[in-house]
Participant: 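Provided herewith is a single structure, encoded as structure tokens, for subsequent inquiry.
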Amino acid sequence: MDRTNCILLGAPVQDGTGRLGCDMGPSAFRAAGIGEALRSLGHGVVDRGNVAPAPLRPLSHPNPAIHALPEIVAWTEVLSQAVYDAGTEGMPIVLGGDHSLAAGTLAGHARLAQERGRKLFVLWLDAHPDMHTLETTESGHLHGVPMAYALGLPGFDGIFPPLAAALSPERVCMMGLRSVDPAERQVLAATGLRVHDMRAIDENGVAALLRGFLDEVAAQDGLLHVSLDVDFLDPDIAPGVGTTVPGGATFREAHLIMEMLHDSGRVASLDLVELNPFLDERGRTARLMVDLTASLMGRSVLDRPTRSF
Ligand SMILES: NC(=[NH2+])NCCC[C@H](N)C(=O)O
Ligand SMILES: [Mn+2]
Ligand SMILES: [Mn+2]
């Protein structure tokens, strides 16, 4: 089995949501045994502790709904650099923190991939596309915008840090969507990402949908970043999140995705986001997220050969 150098980075970001609690996410992942789970699979694990946000600068935007803009911009700066640095040494695993942290991590991974002359692909596992711009967000919660920023959509210039490289929409695959705002629908249609909503999963199964994407990643010798939002999962199995939406992925669908990702040998980085331990039930959501991470990193029922590309 391949031994990966896993670098854990805590990102206690909570200002991108409307409620408190995600700042406890990194602690809950540690308490649920993420380090031990990875070590028991034979991987190296370095826990860098929690990243601290950059100093705040005064910033404003004409959209009056927006919350905590200086805070999220500060996190974006520091996380972009932190995952870039970690990615030169091993596999960054970011323990969130709400999904606004992906503005930083996607920017950092895109920069690193570009410098390496590699193509960055993103698998976005989420009930939501998080595809609002600063103009279109109605809630003003900035966990709803990171994908638009990372794709280089207009309106972030001069406010968020400049992108060294933007994501290419054709290299992004979203799975699990079931809550999409009208403005996001329009952008999704216009940008042409691969989007598999829950209906597509019901009709086709996760395996067929994911295989199509992974074959494309392999054909282009891509690096794959996985962004796993707790609300991708059905709330019955993962209650510890502030934005539950009924009808999410089942336990087996989620594990199968992780097992296929492992077999692909393509995953270079992982974000675990939106865990709110205050809303959890005795740590069960944290433990499920750790078990899914273990499946992604090679835990399996039987020995299976890794696909070689
Ligand atoms: N990362 C998340 N859970 N995002 C939820 C976003 C919900 C909604 N689309 C909004 O912009 O407010
Ligand atoms: Mn999300
Ligand atoms: Mn979500």
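Hydrogens, waters and symmetry mates are skipped; everything else that's a heavy atom, side chains included, is used. The chain is numbered in sequence order, starting from 1. Whatever order the structure lists ligands and atoms in, that order sets their numbers, starting from 1.
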Participant: Atom 2 (C) of ligand 1: which protein heavy atom is closest, and how many Å away?
Facilitator: H143 ND1, 3.3 Å

Participant: Geometry only, no angles: is E274 polar-contacting ligand 1 at N/O separations under 3.5 Å?
Facilitator: yes

Participant: Indicate, as side chain, backbone, both or neither, the part of D98 found under 4.0 angstrom from ligand 1 when only non-hydrogen atoms are considered.
Facilitator: neither

Participant: Applying salt bridge (Lys or Arg N to Asp or Glu O under 4.0 Å) to E77 and R57, what does each step give before you reach the verdict?
Facilitator: CA-CA 12 Å; E77 283 169 11; R57 283 183 284 115; 2.7 Å; yes

Participant: So, D229 and the Mn ion (ligand 3): N/O/S under 2.8 Å, yes or no?
Facilitator: yes

Participant: Given H99, which partner from the list T243, D130, D271 fulfils the side-chain hydrogen bond (donor to acceptor under 3.5 Å, both in side chains) test?
Facilitator: D130

Participant: As a test of reading the structure, name the N/O/S atom of H99 that is nearest the Mn ion (ligand 2).
Facilitator: ND1

Participant: What closest approach, in Å, do G176 and I201 show between heavy atoms, and which atom pair accounts for it?
Facilitator: N-CD1, 3.8 Å

Participant: Honestly curious: do L270 and L106 fall in one hydrophobic cluster under the side-chain, below-4.5 Å linking rule?
Facilitator: no

Participant: Would you give the angle at the Mn ion (ligand 3) between D126 atom OD1 and D231 atom OD1, to the nearest 10°?
Facilitator: 80°

Participant: Walk me through it: do M147 and V122 pass the test side chain to side chain contact (heavy atoms under 4.5 Å, CB included)?
Facilitator: CA-CA 10 Å; M147 187 46 90; V122 175; 4.2 Å; yes

Participant: To which protein heavy atom is atom 10 (C) of ligand 1 closest, and what is the distance rounded to 0.1 Å?
Facilitator: S139 OG, 3.5 Å

Participant: Atoms of ligand 1 less than 4.0 Å from D229 heavy atoms?
Facilitator: 1 (N), 2 (C), 3 (N)

Participant: So is E184 close enough to ligand 1, meaning a heavy atom under 4.0 angstrom away?
Facilitator: yes

Participant: Any idea how H67 and H141 line up, ring-wise: parallel (<30°), tilted (30 to 60°), or perpendicular (>60°)?
Facilitator: parallel

Participant: Tell me whether M260 is reachable from L228 by hopping between hydrophobic residues (I, L, V, M, F, W, Y) whose side-chain heavy atoms are closer than 4.5 Å.
Facilitator: yes

Participant: Does the shortest distance from the Mn ion (ligand 3) to an N/O/S atom of E274 fall below 2.8 Å?
Facilitator: no

Participant: Report yes if D231 has an N/O atom closer than 3.5 Å to an N/O atom of ligand 1; otherwise report no.
Facilitator: yes

Participant: Taking 2.8 Å as the cut-off, does H143 contribute an N, O or S atom near the Mn ion (ligand 3), distance below it?
Facilitator: no

Participant: Specify which N/O/S atom of D130 comes nearest to the Mn ion (ligand 2), by atom name.
Facilitator: OD2

Participant: Around atom 8 (C) of ligand 1, find the nearest protein heavy atom and jot down its residue, atom name and distance.
Facilitator: D181 OD2, 3.5 Å

Participant: Report yes or no: do T285 and D280 form a side-chain donor-acceptor pair below 3.5 Å?
Facilitator: yes

Participant: For atom 11 (O) of ligand 1, what's the nearest protein heavy-atom neighbour? Residue, atom name and distance, please.
Facilitator: H132 CD2, 3.4 Å

Participant: Within the 4.0 Å heavy-atom shell around H99, which atoms of ligand 1 are there?
Facilitator: 1 (N)

Participant: Linking I/L/V/M/F/W/Y whenever their side-chain heavy atoms sit closer than 4.5 Å, directly or via other members, would L9 and V45 fall into one cluster?
Facilitator: no

Participant: L125 and side chain to side chain contact (heavy atoms under 4.5 Å, CB included): which single residue from I257, D229, L177 fits?
Facilitator: I257

Participant: Looking only at protein heavy atoms, which one is nearest to atom 4 (N) of ligand 1, and what is the separation?
Facilitator: D130 OD1, 2.9 Å

Participant: When you measure from the Mn ion (ligand 3) to each N, O or S atom of H128, which atom gives the shortest distance?
Facilitator: ND1

Participant: Which residue and non-hydrogen atom of the protein lie closest to atom 7 (C) of ligand 1, and at what distance in Å?
Facilitator: H128 CD2, 3.8 Å

Participant: Determine the interplanar angle of the Y149 and F160 rings, folded into 0 to 90°, and report it as parallel if under 30°, tilted if 30 to 60°, perpendicular if over 60°.
Facilitator: tilted

Participant: May I ask whether M24 and V241 are part of the same hydrophobic cluster, defined by side-chain heavy atoms of I, L, V, M, F, W, Y residues being less than 4.5 angstrom apart, directly or through others?
Facilitator: no

